[in-house]
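Heads up, the thing below is written out as structure tokens.
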There are 2 protein chains.
Amino acid sequence: MADGSDQRKRGRKFDQVRDGAREVFLSAGFEGANVDDIARVAGVSKATIYSYFPDKRLMFMEVVRFECQRQSDSAIAAIDMAAPVRDLLLYAARTMLAFMTSDFGQRIFRICVAESERFPELAQNFYDSGPAVVRNRLTEFFAEATARGDLVIDDLDLAADQFHALCKADIFDRMVFAQSQTFTPAEMTRVAEGAVATFLARYGAR
Amino acid sequence: MADGSDQRKRGRKFDQVRDGAREVFLSAGFEGANVDDIARVAGVSKATIYSYFPDKRLMFMEVVRFECQRQSDSAIAAIDMAAPVRDLLLYAARTMLAFMTSDFGQRIFRICVAESERFPELAQNFYDSGPAVVRNRLTEFFAEATARGDLVIDDLDLAADQFHALCKADIFDRMVFAQSQTFTPAEMTRVAEGAVATFLARYGAR
DNA sequence: CCCGAAGTGAACCGATGCGTTTACATTCCG
DNA sequence: CGGAATGTAAACGCATCGGTTCACTTCGGG
């Protein structure tokens, strides 16, 4: 209800502000982001910003909330429950790798870690609105595949976590410790296929 | 040479300063650390600090350098090349998990991620002075075990990375996204044994 | 015991950055 | 058109924090 597009008290430039804030926060973190920069990037005056948000902290929280919402909406990526196990796993591995190595994935991860003291629920909210959805879907699939006899899994949660972990092998450490930002398709294929092979060696039906 | 204990120009309170800086930097990060706090924690005046270090940045780098050195010295933990494969893997898994979940491990990881822009070589130096040592040792062991016929590994590096990744399953996400700081022995045993089981399912000789 | 080196504590400087204010412009809508 | 809501630009107050200075005290070796 309300006035048709959920504008409430937001002025005409609300989206500009939020998008500018998103860009600056994402690339500089909370502490590193400068409100004057946000105003400049958003193409808006600082007074306008402060007419929307009482302070920088709440502005940050709104950006995060909105971003989690966006992610949540798009994370409902269908997983074809009937697909062959190996195909599905490979698809899931590639999807996770693609997100993890994406610019957004890297930045949001860094922010979650860096601001975990200042914003304790940030990381949890982010995780719940995306990665957790995928993980639950995967667990669900594992349960069905186990029931069908395609997989043999005793600890479903551990299996899901192991698969996720296997997908990060090599790539993750290089991202964090060697500041590699880009990875070739070949590198990602090697890791994804390796993850599937190891996972199936343990949990595949003989 | 020099004067017996490598004191160079360092005054009597050099260690106090470095230890205080270590404590504050480790718990607050570089930006979050306040020089007056460091002085207070070190039990020293600010002027003394600035008689040792030209600025905060170099003080931070000295702390990191020293800490990497310490880690490097203690990371040469012996790995018994002749031990049964399963025992060795379980021991390695427990060791990695213990470090990763330790207070120091968690803090240093957070700093590496948070300050990677400001100090690009920080993460690399840290990694090289500890985790890389263990990883290389493990790769070496895998090569020998493969030569002996105890393991069947085609891509040694990927195998090492996968093992490392498997050891972080579940635990890592809970640390980063749910801010869990402590884990019960049972939780760590579950993950460690799961990692070894999955790894051997793929790479163990039949 | 003496003297120079090391350390102290507190005030101070300058930069940065959040948030406010004010005087003015633009936009929207009846 | 006309007035109210929305936005602008720039200056300002104020707190924080890195780094300096200075007058004074403490320490330690000859």
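Quick note on labels: first sequence line is chain A, next is B, and so on, each numbered from 1. Because the structure is predicted, anything quoted here is derived from the model rather than measured.
- Ring geometry for A:Phe60 versus A:Phe119: interplanar angle of 30 to 60°, hence tilted.
- Taking the charged nitrogens against the carboxylate oxygens, B:Asp155 and A:Arg190 do have a contact shorter than 4.0 Å, which makes a salt bridge.
- One interatomic measurement links the two molecules: CD1 of B:Ile38 to C1' of C:dG7, which rounds to 18 Å at whole-angstrom precision.
- Note: CG (B:Leu58) to P (D:dG19) measures 9 Å, nearest angstrom.
- The CG atom of A:Asp37 sits 8 Å away from the P atom of C:dG17 (whole-angstrom rounding).
- Put simply, CG on B:Asn34 is 9 Å from C1' on D:dG18, counting in whole angstrom units.
- Taking atom CZ of residue B:Arg57 and atom C1' of nucleotide D:dC17, one finds them 17 Å apart after rounding to whole Å.
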Table please: side-chain donor-acceptor pairs of residues 108-116 of chain A below 3.5 Å, with sequence neighbours left out.
residue, atom, partner, partner atom, Å
A:Arg110, NH1, B:Glu117, OE2, 3.0
A:Glu115, OE1, A:Arg118, NE, 3.4
A:Glu115, OE2, A:Phe30, N, 3.0
A:Ser116, OG, A:Val113, O, 3.2

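- Salt-bridge formation is not detected for the pair A:Arg70/A:Asp73: no Lys NZ or Arg NE/NH1/NH2 atom is positioned less than 4.0 Å from an Asp or Glu carboxylate oxygen.
- Of the residues in residues 42-51 of chain B, B:Lys46, B:Ala47, B:Tyr50 come within less than 4.0 Å of DNA chain D through at least one heavy atom, sorted by number.
- Ionic pairing of A:Asp15 and A:Arg18 is present here: one or more N-O contacts between side-chain nitrogen and carboxylate oxygen are shorter than 4.0 angstrom.
- Distances shown here put a side-chain N or O of B:Tyr52 below 4.0 Å from the OP1 or OP2 atom of C:dG7.
- Rounded to a whole Å, the CG atom of B:Asp55 is 14 Å from the C1' atom of D:dC17.
- Using a 4.0 Å heavy-atom distance criterion, A:Ala33 is classed as a sugar-phosphate-only contact.
- Taking the ring axis of A:Phe183 as reference, the NZ or CZ atom of A:Arg174 does not stay both within 45° of it and closer than 6.0 Å to the ring centre.
- A parallel orientation is assigned to the rings of A:Tyr127 and B:Phe177, their planes being inclined by less than 30° (bins at 30° and 60°).
- What separates CD of A:Gln16 from P of D:dT6 is a distance of 16 Å, to the nearest Å.
- Phosphate proximity of C:dC18 to A:Lys56: present, with a side-chain N or O under 4.0 Å from OP1 or OP2.
- Candidate nucleotides C:dC18, D:dC17, D:dC27 were compared by shortest atom distance to the side chain of B:Arg12, and D:dC27 ranks first.
- As rounded to whole Å, 7 Å separates atom P of D:dG18 from atom CG of B:Asp36.
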